Amino acid sequence: GMSTHGIGWFPAFVNEGAFRTLRDDWNTNVVRLAMYTGASEGYTGSAMATHEALVRKGIDICIKLDMYVIVDWHILADQSPSVRKADAIRFFDEISREYADYPNIVYEICNEPNGYSQWDNDIKPYAEEVIPVIRKNDPDSVIIVGTPTWSQDIDKALSNPLEFDNVMYALHFYAATHTDWLRQRAQNCVSRGLPIFVSEFGCCDASGNGANDFNQTKKWLDLLDDLGVSYCNWNLANKNESSSAFKQSASANGNWTENDMNPSGSWIRKWFRGEIQ
Ligand code: IDC
């Protein structure tokens, strides 16, 4: 599937025409709704309710279109998910209560812990507080948990896993930055039974910009297909950066043509359609 950019910055891309095109023309079955959760990233004051309303709008569209939807608590600038833990608990309690009857929803409770945020003493305890809140309302939905170092250190989760069912761990890669060594880690962890979900990857470098490396992207996606691991591409927007699927001139409303797409958007659409061997 595709991941949105921050829905607070690119709200127009949360619409039925766009998601329908992703389903029918891009051959995808999941949309990830990225809601940034740092105050410095716009999740503050009255904007919080606005962004949460956009999440609900995106979920409703995915339910209507019979697609999966990943509700991504997109922690990034805050480094540790503990910073907004109280809001996370309130938000996931509300969403899981409202949508308990819909198997479409996948919860992603912390996009990319980074910096000082470590697994054993920070991310795992956060997950141990947030997961029961969701489980109380929605007993068996899939919950994705981010891992240290911008969701690269899945090995930390392998050494000290969570004791809940239906939990998966996030592995994120940017193809021009993360190559053989991180693929090796993915392979090792999966072979040892760790359930992983690549809820975000880019064809370019980790800045979200710079040159695409489709050769490395293909190595990654071939491996993930072999392992049976799902993935979402960053990002569904028309920002002036190479990871944005669309040119700034493109509309947000779907029915896109080649002319609307950046190289990454064009490549990833072909990949999803099985047109790249
Ligand atoms: C990037 C966006 C960029 C934005 C920046 C800061 O592409 O437009 O200015 O965030 O908010 C991630 C993050 C994701 C990043 C992306 C590229 O999950 O939010 O988006 N990236 O840097 N992890 C690794 C790379």
Side-chain angles (χ1 to χ4, degrees), residues 1-14 30-44 47-48 51 54-55 58 70-81 83-84 88 106-115 117 123 144-154 168-179 181-183 185-186 196-213 216-217 220 224 230-248 250 252 261-265 267-268:
M2 289 298 293
S3 173
T4 67
H5 200 290
I7 53 173
W9 294 317
F10 295 92
F13 281 83
V14 181
V30 57
V31 175
R32 177 183 191 240
L33 301 170
M35 184 179 76
Y36 278 80
T37 59
S40 66
E41 296 159 324
Y43 186 68
T44 182
M48 292 166 66
H51 297 187
L54 272 166
V55 170
I70 300 177
V71 177
D72 165 33
W73 186 259
H74 200 85
I75 172 244
L76 188 64
D78 282 343
Q79 302 194 319
S80 164
V83 176
R84 303 300 291 269
V106 175
Y107 303 91
E108 182 171 9
I109 63 173
C110 51
N111 166 51
E112 290 185 354
N114 60 84
S117 180
I123 305 165
I144 304 171
V145 183
T147 56
T149 321
W150 299 278
S151 285
Q152 289 161 47
D153 296 349
I154 47 173
M168 305 184 81
Y169 301 94
L171 172 67
H172 291 176
F173 73 84
Y174 279 73
T177 303
H178 309 110
T179 58
W181 60 274
L182 194 58
R183 279 194 291 274
R185 184 181 291 168
I196 67 169
F197 199 122
V198 176
S199 47
E200 182 185 309
F201 76 93
C203 304
C204 58
D205 69 41
S207 72
N209 214 339
N212 294 300
D213 189 334
Q216 287 291 336
T217 307
W220 267 109
L224 297 178
S230 301
Y231 44 83
C232 292
N233 178 247
W234 184 263
N235 64 67
L236 181 73
N238 59 356
K239 184 168 173 172
N240 183 21
E241 62 180 10
S242 52
S243 60
S244 263
F246 302 106
K247 296 179 189 163
Q248 284 182 288
M261 296 175 206
N262 276 328
S264 66
W267 192 92
I268 200 67

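Worth saying up front: this structure is predicted, and the values here are computed from it rather than measured. One-based numbering, in listed order, for ligands and for the atoms of each.
Within the 4.0 Å heavy-atom cutoff, Trp150 does not count among the residues contacting ligand 1. Heavy-atom separations between Glu41 and ligand 1 are all 4.0 Å or longer. Heavy-atom distances between Glu112 and ligand 1 reach below 4.0 Å in at least one pair.
Not one N or O on the side chain of Asp72 forms a donor-acceptor pair closer than 3.5 Å with the backbone of Arg32. Formation of a donor-acceptor pair under 3.5 Å by the Ser3 side chain with backbone atoms of Trp234 is not found in this model. Within the 3.5 Å criterion, the main-chain N or O of Ala211 finds no donor-acceptor partner in the side chain of Ser242.
Nearest non-hydrogen protein atom to atom 22 (O) of ligand 1 is Ala206 O, 2.7 Å.
Applying the 4.0 Å criterion to heavy atoms of His74 picks out, from ligand 1, the atoms 13 (C), 14 (C), 18 (O), 19 (O). For ligand 1, the atoms closer than 4.0 angstrom to any heavy atom of Leu76 are 13 (C), 19 (O). Those atoms of ligand 1 that come under 4.0 Å of a heavy atom in His5, given as number and element, are 2 (C), 3 (C), 7 (O), 8 (O). Near Ser207, with a cut-off below 4.0 Å to any heavy atom, the atoms of ligand 1 are 17 (C), 22 (O). In summary, the atoms of ligand 1 found under 4.0 Å from a heavy atom of Lys239, numbered by their order in the structure, are 3 (C), 4 (C), 8 (O), 9 (O). Less than 4.0 angstrom separates some heavy atom of Asn111 from each of these atoms of ligand 1: 18 (O). Numbered from 1 in the order shown, with element, the atoms of ligand 1 that lie under 4.0 Å from a heavy atom of Trp9 read 11 (O).
In the candidate list Tyr36, Tyr174, Phe201, Tyr36 is nearest to atom 11 (O) of ligand 1, counting heavy atoms. For atom 14 (C) of ligand 1, the choice among Gln152, Glu200, His178 with the nearest heavy atom turns out to be Glu200.
With a heavy-atom cut-off of 4.0 Å, Ala77 does not touch ligand 1 at all. Counting heavy atoms under 4.0 Å from ligand 1, residue Asn209 does not touch it at all. Neither the backbone nor the side chain of His172 comes within contact range of ligand 1; no heavy atom lies under 4.0 Å.
At a cut-off of 3.5 Å, with distance as the only test, no side-chain donor of Ser207 or Asn209 sits close to an acceptor on the other residue. A donor and an acceptor atom, one from each side chain of Ser243 and Asn235, are located under 3.5 Å apart.
Between Thr44 and Ala39 the shortest heavy-atom distance is CG2-O, 3.8 Å.
Applying the ring pair (Phe, Tyr, Trp, His ring centres under 6.0 Å) criterion to Tyr36, with sequence neighbours excluded, gives Trp9, His74.
Screening Val30, Thr4, Val31 for a side-chain contact (heavy atoms from CB on, under 4.5 Å) with Ile70, the sole residue that qualifies is Val30. Cys110 pairs in a side-chain contact (heavy atoms from CB on, under 4.5 Å) with only one of the listed residues (Ile144, Asp78, Ile75), which is Ile75.
With ring centers used as reference points, Phe173 lies under 6.0 Å from Trp220.
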